[in-house]
Trainee: 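Have a look at this one.
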Amino acid sequence: MMANSNKKPSGGGGAGGANTGSSSTAYACWSSSSYTAILVFIVPLVVLFWLISLLSPNSSNWVFISNYYLTGPSSNMSANSSEIGASHDDVLGLRSTVVVMDMHSTVEEVHSDDYVQNRSASPPLAVEEALPPFQQPVINGKKKEDPMNETHASVTKNSATRQRVVGLEGRLRRVRVAIKEAKFQNKTQDADYIPNGPMYWNANAFHRSYLEMEKQFKVFVYEEGEPPLFHNGPCKSIYSMEGNFIHEIEVNKQFRTRDPEEAHVYFLPYSVTMLVRFVYVRDSHDFSPIRQTVRDYVNIISSKYPYWNRSLAADHVTLACHDWGPETSNSDHYLRKNSIRGLCNANTSEGFNPSKDVSFPEINLQTGDTHGFLGGPSPRLRPILAFFAGGVHGPIRPVLLEHWENKDEDLRVHQYLPKGVDYYGMMRKSKYCLCPSGYEVASPRVVEAIYTGCVPVLISDHYVPPFGDVLNWKSFSVEVSVKDIPNLKNILTSISTRQYLRKQRRVVQVRRHFEVNSPPKRFDVFHMILHSIWLRRLNVRVHNDE
């Protein structure tokens, strides 16, 4: 196992330390003839172990995962990230170190009888099925009768499956190389939009990756499940992105595929908001009905299809904007540990893992669309330094209100807006919009600020902003730690007019990536969510050697 590869031989350290003199003498006595004798003995053993490893059934399924960011270091990366994959030239670990997950140790667990929930309908190949075509097994000295040549048919089918997987992974490998090359020179053209500027970690790499996604990315949506829990979601609420994404991916003809064999990822179309509304017993504080519903769904698809167990969910996607999205993913071990989780509540203290999970924006579509929300006046027509209005919940907002509520004309901080004052009108009059976390880290104010041309001020702990794999948030927003709230005005006034104007201009430029369109438009929020999923899938390699 990989975990034991660096262990010293048992007793080696003790023996060497206790017999320093004799050991040195013994090592000095090795001759060239001794080396020759050892090589003659070892080389056949190495060849033998290599053959065994090739024939081992545990080599059929594994995944390789990299923390995929487009450039530069990231402070949100887990401290457990390893440099073990640094030698893999085709890995896109461009903003962080590489993590390798070896699934050999868990493959048997997936197929064992005691793990009924995730047991696949396609078990590992038996010895008979693994034989070459037309070579019949011998049982008790006699060849097994096979008039229908079922073994040949099984091998042919499995060979075709293997070729499809290998072909798909080969194409993704070429994509990784192309994106790496694009970092230094952009040779692509685009009539609609060419990303450019410090808002992007690497605009060239993002553009090439996006174009490759448009050409190749395929999503298979499991059709099992009935509304309102599945294939359904809210479209006119603070959790509207759940329903919006589910609807758009299901009707999409470019990215959705009906053939699971050509898919890069597999989408589980349940809505956490709908689970909370229809399954959760209000005020019960009991999550078990929600967990059981998701667990049953996973059991259905993992029994009907081979794809869940093939990768242990590493190429499977869920999406949730409800605060309980992370909690819902705890329904299944592999759903939480391996799957690509799209979450508005991207909280690293609650298990959000930027190397595999996707942070996407919380957008409060009260009317179902963005009509009337987009746009704002120029910076010179914004007389207010900063603005916030919102309820008191969570640990951060009480601190903000304690220090600034109704205490400064430059910082308009309110729990309740005065009569006749329009919320969005205040945003349009403000240079900066304060976005403190509530009970959860995500806030719709972030996107509301971007929509109105107001520079967002992120006041949160453990929050990973949306699309941080592509967007450099420091270039168009301000990050303030909770401990610095008393010094908030000094922080904002210390930003020069020139710096503010740059940030505000960049806010307007990145707005396209947060806009909701029906049907979706290139580079908008739907496509950016897909692109974040695409990035993570690029560094998950699923081998199927059945």
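Predicted model only: the values in this text are computed from it and were never measured.
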Trainee: Quick one: list whatever passes side-chain hydrogen bond (donor to acceptor under 3.5 Å, both in side chains) with Q366, sequence neighbours left out.
Mentor: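 Listed in chain order: nothing, the list is empty.
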Trainee: Starting at CZ of R256, measure out to CZ of R258 and round the result to the nearest 0.5 Å.
Mentor: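 If we round to the nearest 0.5 Å, R256:CZ and R258:CZ are 3.5 Å apart.
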Trainee: Identify whether the distance between the nearest side-chain nitrogen and carboxylate oxygen of K218 and D259 falls below 4.0 Å.
Mentor: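 Result for this pair is no, no salt bridge flagged.
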Trainee: Given the side-chain rings of Y200 and H513, with only the six-membered ring counted for Trp, is the space between their centroids under 6.0 Å?
Mentor: yes
Trainee: Under the side-chain contact (heavy atoms from CB on, under 4.5 Å) rule, what do F352 and V441 come out as? Steps first, then yes or no, please.
Mentor: CA-CA 11 Å; F352 182 88; V441 293; over 6 Å; no
Trainee: Applying side-chain contact (heavy atoms from CB on, under 4.5 Å), name anything that partners L374, two or more places apart in sequence or on another chain.
Mentor: T370, Y451, R511, E515
Trainee: Could you note down all residue pairs passing disulfide (SG to SG under 2.5 Å) where residues 499-538 supplies at least one of them, sequence neighbours left out?
Mentor: none
Trainee: Suppose we screen for side-chain contact (heavy atoms from CB on, under 4.5 Å). Which residues come up paired with P260, at least two apart in sequence or across chains?
Mentor: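 For P260 the side-chain contact (heavy atoms from CB on, under 4.5 Å) partners, ignoring immediate neighbours, are F220, Y266, Y307.
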Trainee: Look at R208 together with E181 and state whether they make a salt bridge at an N to O cut-off of under 4.0 Å.
Mentor: no
Trainee: Thinking salt bridges, do D469 and R536 make one under a 4.0 Å N-O criterion?
Mentor: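 Salt bridge: yes.
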Trainee: Could you check whether S329 and R341, counting side-chain N and O atoms only, form a donor-acceptor pair closer than 3.5 Å?
Mentor: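 R341 vs S329: donor-acceptor pair found between side chains.
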Trainee: Taking only residues two or more places apart in sequence, or in another chain, which ones meet C435 in a disulfide bond (SG atoms under 2.5 Å apart)?
Mentor: none
Trainee: In this structure, which one of I363, V516, I249 forms a side chain to side chain contact (heavy atoms under 4.5 Å, CB included) with N244?
Mentor: V516
Trainee: Side-chain donor-acceptor pairs under 3.5 Å in residues 318-325, sequence neighbours left out?
Mentor:
| residue | atom | partner | partner atom | Å |
| --- | --- | --- | --- | --- |
| H322 | ND1 | W324 | N | 3.0 |

Trainee: Run the salt-bridge test on R173 and E212 with the 4.0 Å N-O cut-off and return the result as yes or no.
Mentor: no
Trainee: Evaluate the ring planes of F245 and F526, with Trp represented by its six-membered ring, and classify them as parallel (under 30°), tilted (30 to 60°) or perpendicular (over 60°).
Mentor: tilted
